Amino acid sequence: MRTFRPGETAVRRDVFRRKVWSAHALGVVEDSAAALVLGCPPGAEVLAPTTWIEWLLTGDGAVRARALPDLAQGRWRLGRWSWRSTAHLQWVPPDTWFSVNAFYDVSDGHRLAHWYVNFQRPMRRTDIGFDTFDLLLDLVVAPDLSRWEWKDEDEYAHGRRLGVVGEAEHRAVELARGQAVALIEEGAGPFAAGAGLRDWRPDAGRPAPALPADALTAGLI
């Protein structure tokens, strides 16, 4: 199993039915037994479904609505995108059905804007980073952990109807919901004051992470 050094680029790929749905170049902050921690500054390279890119550019909800049926039918196309407007840090523990993301407002002194729990398949490490799959459900958490709100419940239910999220995955997500909320209520793990996520800033002297040439093929199973 490969481990990564701080400053290296690692690629997070979302893979569905052996096909890459997205690939995201990230900078390694820490790689330990507890978690792989990765930073995303503005300018980081991304390959994403063209429907997602079009929705970001236009805000057209009808475009976003096409994404799930396209995913279920395996007919998506990928386009290039550069991360913009925010920076974020991903805390990805092993054998866990969620990651914790801290989002920062780069226009306001790199202020912690909110936490974001992303429910996903447990990571599988590759030579270039790790593979997972976004399971559509999210939890948005206030910076001070005082409140949280479930996000995309309707999209998650639609994904279940389309077979994008299977029954075994749904049962795992139901357990993971409670685990994530417990971390928030206890102020533990990445939410702990001493964890260092609140105050992270990207290294201004490093270029934004770039995708390798084999981002869509390396280690894909």
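Note that the structure is a prediction, hence the values are computed from the model and not measured. Values below: all heavy atoms of this structure, side chains included; hydrogens, waters and symmetry mates excluded.
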I need the [X] [atom1] to [Y] [atom2] distance, nearest 0.5 Å.
| X | Y | atom1 | atom2 | result |
| --- | --- | --- | --- | --- |
| Ile184 | Trp115 | CD1 | CH2 | 10.0 Å |
| Thr51 | Trp76 | OG1 | CH2 | 10.5 Å |
| Glu174 | Trp97 | CD | CH2 | 12.5 Å |
| Arg13 | Leu211 | CZ | CG | 10.5 Å |
| Leu36 | Phe130 | CG | CZ | 6.0 Å |
| Leu68 | His158 | CG | NE2 | 5.5 Å |

Would you indicate whether [X], at its atom [atom1], is surrounded by more than 12 heavy atoms from other residues, nucleotides or ligands within a distance under 6.0 Å?
| X | atom1 | result |
| --- | --- | --- |
| Arg80 | CZ | no |
| Glu149 | CD | no |
| Arg17 | CZ | yes |
| Asp127 | CG | no |
| Arg147 | CZ | no |

Partner set under side chain to side chain contact (heavy atoms under 4.5 Å, CB included) for [X], not counting sequence neighbours:
| X | value |
| --- | --- |
| Trp55 | Trp52, Val63, Arg64 |
| Asp108 | Asp105, Arg111 |
| Arg206 | Asp203 |
| Glu167 | Arg160, His170, Arg171 |

Problem - Arg5 with Glu30: basic N within carboxylate O range, under 4.0 Å - result: no

Problem - salt_bridge(Arg18, Asp131) N-O dist < 4.0 Å - result: no

Using side-chain heavy atoms (C-beta onward) and a distance below 4.5 Å, is [X] in contact with [Y]?
| X | Y | value |
| --- | --- | --- |
| Asn101 | His114 | no |
| Val46 | Ser82 | no |
| Leu47 | Trp81 | no |
| Pro42 | Val106 | yes |
| Tyr156 | Val164 | no |
| Thr96 | Pro122 | no |

Shared hydrophobic cluster, [X] / [Y] (ILVMFWY, side-chain heavy atoms < 4.5 Å):
| X | Y | value |
| --- | --- | --- |
| Val140 | Val173 | no |
| Met123 | Trp91 | no |
| Val37 | Val100 | yes |
| Trp200 | Leu38 | no |
| Leu137 | Phe16 | yes |

Does any pair with a residue in [range] pass salt bridge (Lys or Arg N to Asp or Glu O under 4.0 Å), and if so which ones, sequence neighbours excluded?
| range | value |
| --- | --- |
| residues 185-201 | none |
| residues 209-221 | none |
| residues 85-100 | none |
| residues 47-58 | Glu54-Arg66 |

Which atom of [X] lies closest to which atom of [Y], heavy atoms considered:
| X | Y | value |
| --- | --- | --- |
| Pro69 | Ala65 | CD-O, 3.2 Å |
| Leu183 | Pro190 | CD1-CD, 4.4 Å |
| Leu112 | Ala102 | CD1-CB, 3.8 Å |
| Leu78 | Pro49 | CD2-N, 3.7 Å |
| His110 | Pro202 | CE1-CD, 3.4 Å |
| Val11 | Ala23 | CG1-CB, 4.1 Å |

Sequence neighbours excluded, which residues qualify as side chain to side chain donor-acceptor pair (under 3.5 Å) partners of [X]?
| X | result |
| --- | --- |
| Asp134 | none |
| Arg12 | Asp14, Gln120 |
| Tyr116 | Asp138, Lys151 |

Exercise for the section: Show your reasoning for whether side chain to side chain contact (heavy atoms under 4.5 Å, CB included) applies to Thr126 and Arg124. Expected result: CA-CA 7 Å; Thr126 69; Arg124 182 186 71 84; 3.7 Å; yes

Completion exercise
Sequence neighbours excluded, the answer for ring pair (Phe, Tyr, Trp, His ring centres under 6.0 Å) partners of His88 is His24, Trp83, Phe103

Practice task
Determine, step by step, whether Thr9 and Phe4 satisfy the side chain to side chain contact (heavy atoms under 4.5 Å, CB included) criterion, reporting the C-alpha distance in whole Å, the side-chain angles of both residues, the deciding distance to 0.1 Å, and the verdict.
Solution key: CA-CA 8 Å; Thr9 295; Phe4 293 89; over 6 Å; no

Problem - Asp31/Arg125 under salt bridge (charged side-chain N to carboxylate O under 4.0 Å, His left out): CA gap, chis, key distance, verdict - result: CA-CA 12 Å; Asp31 191 359; Arg125 287 180 182 254; 2.7 Å; yes

Practice task
Mind telling me whether Phe133 and Trp21 have parallel, tilted or perpendicular rings, with 30° and 60° as the class edges?
Solution key: tilted

Problem - Derivation and outcome, side chain to side chain contact (heavy atoms under 4.5 Å, CB included), residues Asp152 and Asp154 - result: CA-CA 5 Å; Asp152 296 334; Asp154 290 346; over 6 Å; no

Exercise for the section: Please test Leu135 against Glu169 for side chain to side chain contact (heavy atoms under 4.5 Å, CB included), starting from the C-alpha separation and ending with a verdict. Expected result: CA-CA 8 Å; Leu135 294 171; Glu169 290 169 325; 4.0 Å; yes

